Amino acid sequence: MEQLDFNRKLSEMLDRIADMLSVDERGTVRFEVRAYRKAALSIAELDEDVRRVYRDGGQGALMEIPGIGAGISRSIIEYIERGRMRKYEMLKRRYPIDFESLTRIEGLGPKRVVSLYRLLGVKDVAGLRAALDKHRIRGLKGFGERSEEAIGRGISMLESARGRALLGDALPDAEFIVDKLRASGLAERVEIAGSIRRMQETIGDIDILAASSRQEEVMDVFSKLDSVESVILRGSTKTSVRLRNGMNCDLRVIEPDSFGAALQYFTGNKYHNVSVRKIAIKRGYKLNEYGLFNRSGKDMARSRDERWIYNRLGMDYIPPEMREDRGEIGLALKHGISDPVELGDLRGDMHTHTRDSDGMNSIEEMAEAAIRSGLEYFATTNHTKSLRIANGMNERGFAEYFKRVDALNDRMNGRIRVIKGAEVDILKDGSLDLSRKSLESMECVVASVHSSFNMDERRMTDRIVKAMDSGLVHILGHPTGRLIFKRDGYPIDLDRIGEAAERDGVAIEINSFPDRLDLCDTNIMYISKYKIRFAIDSDAHSVKHFSNLRYGVGTARRGWLTKDRILNCNEIKRLRLGR
Ligand code: DGT
Ligand code: CA
Ligand code: CA
Ligand code: ZN
């Protein structure tokens with residue numbers, strides 16, 4: 001994590017430069033903005049410390065990183081060698097604005113942020129809040145009462161995020177710490193607990209458990225990790241630290257004989273635990289974080305194993321993702337828990353992008369990455385023409401692109417199969433953004449809403465159902481359009497969507513992108529009463545994003561889905577992408 005902090009910081013600077021440049025309307029600058037954005041993304045995804053790339057290979061090696069040209073490579077070198085970047089500083093003098101926070105508000109792009117600065121002197125979120133409270137925004141050119149309300153909602157969303165992180169940000173950092181603790185050789189077992197283990201979409205803090213009798217030594221290793229910024233509380237059984245990524249992390253060190261009981265206790269959630277403890281009491285036991293005890297208080301568990309505890313209480317083992325007190329305990333008592341889908345059950349991915357629309361990589365690179373992820377097939381589904389910011393493709397573009405996909409499939413010779421498709425826009429009136437003929441030529445059509453979000457529930461549902469009823473759609477993409485911490489989904493009637501999906505044989509997507517996870521767990525549980533299938537998709541925009549599939553799988557598990565409900569758990573012959 002540490003060595004990549006430099007990449008993160010550099011990537012953020014390049015992004016800010018793009019923000020500030022994007023205020024300039026000239027065509028030549030627009031080109032530059034795109035170049036900086038691409039470079040920012042590319043640096044963020046680099047596995048190696050960019051300083052090392054430069055040290056080992058000079059400017060030439062930097063320019064081999066996709067998206068880094070001569071000009072940007074010079075800025076990067078300047079930053080590596082002198083810790084500063086003139087271009088950034090010059091722009092920052094012109095715009096002393098907290099772009100990073102302000103542009104996180106839905107509906108506020110860099111241009112609008114700059115107009116707010118020029119017209120009202122707004123520099124940060126606090127200033128924006130003040131201007132909003134005085135109703136100074138609705139009168140501005142280009143803003144109205146409606147955007148004032150939208151900005152208000154955006155600020156509230158941002159505030160609700162305070163102190164929480166996306167699972168997709170927290171889990172890799174937690175795994176990094178777990179790896180270090182395991183590598184110390186001081187602990188028999190080290191596991192992630194809490195909301196991360198339950199794969200909850202947002203995370204308050206990281207909880208890690210270690211089984212060891214060498215408590216002080218384990219705590220020493222933990223407190224001195226590079227990723228630790230400061231120690232908040234140091235004890236012999238629990239240490240809490242603040243990480244450089246801004247999150248808090250609790251480590252608990254437990255005697256190996258209690259590890260299963262502790263893992264059960266600290267995985268939670270609280271309501272699940274309360275219900276399990278009541279069952280223990282009813283059966284004459286006592287359950288706490290140290291073990292399962294009988295009435296005489298003797299440790300009867302040697303509770304090393306979590307599964308043993310559930311079974312001893314007369315219950316099926318309950319996977320962590322299901323421990324939300326949503327009926328799983330009653331089911332476990334009746335021995336009705338079915339194994340939820342696992343990452344290894346996925347054979348394909350039905351929704352990915354390439355650089356032919358707004359992705360980072362070529363179809364060849366995506367195919368190699370899919371193979372590395374263990375997939376047997378994936379659908380390439382670029383955006384369609386009306387989505388201009390994503391460089392959407394038209395009918396002719398797809399026809400030409402598919403010739404290249406055919407050729408690639410020939411070359412691949414069965415190592416992977418690339419399925420030809422599109423992520424077609426569902427337009428405002430529910431029609432689709434490509435001709436019938438073009439869509440009929442495709443093997444996998446994902447249909448999604450990307451525009452005109454401000455519709456009431458009835459009209460939005462009509463719009464989506466009309467698209468599903470077209471007979472041209474295989475999968476409904478990110479069904480509610482929500483972006484976690486950024487915007488609520490548009491309102492839809494899940495019953496009507498479920499009925500349409502059943503009637504039309506359309507699969508419902510579980511989008512694995514960490515800020516989407518759409519449908520979410522509770523909506524999955526609700527809609528799964530219909531006879532429908534789900535597609536767990538990466539929506540990959542780069543080769544790195546196939547690794548997000550685990551978040552979609554986690555969400556599906558939280559929605560209690562078994563693999564027979566998942567379209568892309570089938571081998572390709574059995575996909576039955578019927579029309
Ligand atoms: P978070 O951190 O807000 O995303 O959610 P959790 O679930 O990770 O919550 P956290 O970190 O406060 O505690 C981890 C687990 O420890 C929690 O899921 C259940 C258990 N736990 C913590 N405090 C209590 C408590 O007061 N009572 C009970 N029954 N369990 C607790
Ligand atoms: Ca936690
Ligand atoms: Ca905690
Ligand atoms: Zn989309």
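Here the structure is a predicted model, which means the values were calculated and not measured. Start at 1 and go down the list; that is how both ligands and their atoms are numbered.
- In this structure, Arg34 places its CZ atom where only 12 or fewer heavy-atom neighbours from other residues, nucleotides or ligands lie under 6.0 Å away.
- To the nearest 10 degrees, the Zn ion (ligand 4) sees OE2 of Glu423 and NE2 of His478 at an angle of 90°.
- No side-chain heavy atom of Phe485 sits less than 4.5 Å from a side-chain heavy atom of Asp515.
- For the Zn ion (ligand 4), the N/O/S atoms of Asp539 include none lying under 2.8 Å.
- Among heteroatoms of the N, O or S kind in Asp250, OD2 lies nearest the Ca ion (ligand 3).
- Contact annotation: His383 places no N, O or S atom under 2.8 Å from the Zn ion (ligand 4).
- The N, O or S atom of Asp207 lying closest to the Ca ion (ligand 3) is OD1.
- Classification of Asp462 and Arg496 as a salt-bridged pair holds, one side-chain N sitting under 4.0 Å from a carboxylate O.
- At a cut-off of 2.8 Å, His450 coordinates the Zn ion (ligand 4) through an N, O or S atom.
- Between the OG1 atom in Thr237 and the CD1 atom in Ile254 there is a gap of 8.5 Å [rounded to 0.5 Å].
- Sorting the N, O or S atoms of Asp205 by how far they are from the Ca ion (ligand 2) puts OD1 first.
- Looking at Lys180, Arg550, Arg197 one by one, the single match for salt bridge (charged side-chain N to carboxylate O under 4.0 Å, His left out) with Glu175 turns out to be Arg550.
- A cation-pi arrangement is present between Arg487 and Phe453 under the rule of less than 6.0 angstrom and at most 45 degrees off the ring axis.
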